[in-house]
Amino acid sequence: MSEAATPEIVVAADLAALVEATAARIRQVAAAAIAARGRFRVALAGGSTPRALYPALADGVDWARTQVFFGDERAVAPDDTQSNYRMARETLLDRAAVPATAVHRWHAEAADLDAAARDYERTLRAGAQPPWLDLALLGLGPDGHTASLFPGTSALAETSRLAVAVDVPALGGRRLTLTYPALLGAGAVFFLVAGGGKAAALADVLHPTSTLPAARIVHGAAPVSIFCDRAAARDITSPS
Ligand code: 6PG
């Protein structure tokens, strides 16, 4: 495996500046992917921080040449208020008129979530070759989770499948998530981290010895950029 690079850290003054900086970089990555390969394959993240970003992406991305995936999904119907797909549809996909055929949601309403995960992997792999994603957008939880790679769960041990269903006792339910092989194989990974509540987790994952789930991506083979606000950057002590 290629040597892990040091993650880029972009600290913005506040959430509005964080959104602006992240959106500008996403537009650049999209344009470069389309120029190089004729299409842009992106995995969107769930959560309130990514949610704040999405309206800014309605402009400046060639959505007609973009394939949209999701880094994870809750085990709910697509019209459920908890659905990451619904959140992205309302904040971005409908506004940008992204063709439905270009939006690949997890069938998270299925009774058999393991089959849904296998189906999603087939979708991710279809007509493509590594890197399966040009860009993976990720959030960071206070416990150091990202996507639905939560501490102490079986998904952390997955070394070959790109997508799995996973029991998350901390949430009292199941989730669907891309795995380390999928995320570490992305052309680029952008973390979005805002608020003082994330400061401890962000400082932790930046240390090479961190055992938090997001750390394996921060220090992994994919190029990582961490876009954060000052509050989230509060505990970052030195360049790492
Ligand atoms: C989800 C995401 C999850 C999220 C982080 C950060 O489905 O919620 O996959 O990983 O990105 O928990 O969420 P916040 O930005 O809301 O703190």
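Keep in mind it's a predicted model, so treat the numbers as computed, not measured. Remember, it's 1-based here, ligands and their atoms both numbered in the order they're listed.
For K198, the closest heavy-atom approach to ligand 1 falls below 4.0 Å.
The ligand atoms of ligand 1 that sit less than 4.0 angstrom from a heavy atom of N84 are 7 (O). Proximity to H145 (heavy-atom distance under 4.0 Å) selects the following atoms of ligand 1: 3 (C), 5 (C), 10 (O), 12 (O). Interface of A147 with ligand 1, defined as ligand atoms under 4.0 Å from a residue heavy atom, comprises 2 (C), 3 (C), 9 (O), 10 (O). Applying the 4.0 Å criterion to heavy atoms of R175 picks out, from ligand 1, the atoms 7 (O). Near P50, meaning under 4.0 Å from any of its heavy atoms, are these atoms of ligand 1: 15 (O).
Checking side-chain atoms of D229 against main-chain N and O of G195 turns up a donor-acceptor pair under 3.5 Å. Checked by atom type and distance alone, the side chain of S210 never pairs as donor or acceptor with a backbone atom of A215 at under 3.5 Å.
Under the 30°/60° scheme for interplanar angles, the aromatic rings of Y120 and W106 are found to lie parallel. Ring geometry for H145 versus F150: interplanar angle under 30°, hence parallel rather than tilted (30 to 60°).
Looking only at heavy atoms of the protein, atom 15 (O) of ligand 1 is closest to T49 OG1, 2.7 Å. Nearest protein neighbour of atom 4 (C) of ligand 1, counting heavy atoms only, is G46 O, 3.4 Å. Atom 13 (O) of ligand 1 has its closest protein heavy atom at G47 CA, 3.7 Å.
Nearest heavy atom pair, residue A45 against residue M87, reads O-CE, 3.7 Å. Minimum heavy-atom separation, L183 to V189: O-CG2, 3.7 Å. Minimum heavy-atom separation, G71 to A147: O-CB, 3.9 Å.
Of the heavy atoms in D72, only side-chain atoms (C-beta onward) come closer than 4.0 Å to ligand 1.
Between R74 and ligand 1, at least one N/O pair is under 3.5 Å apart. The shortest N or O to N or O distance between L140 and ligand 1 is not under 3.5 Å. By the 3.5 Å distance cut-off applied to N or O atoms, A45 is not counted among the residues near ligand 1.
Checked for salt-bridge contact, R86 and D79 miss the test: no charged N lies under 4.0 Å from a carboxylate O.
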Intermediate values then yes/no, ring pair (Phe, Tyr, Trp, His ring centres under 6.0 Å), F227 and F190: CA-CA 7 Å; F227 296 85; F190 286 2; 4.9 Å; yes
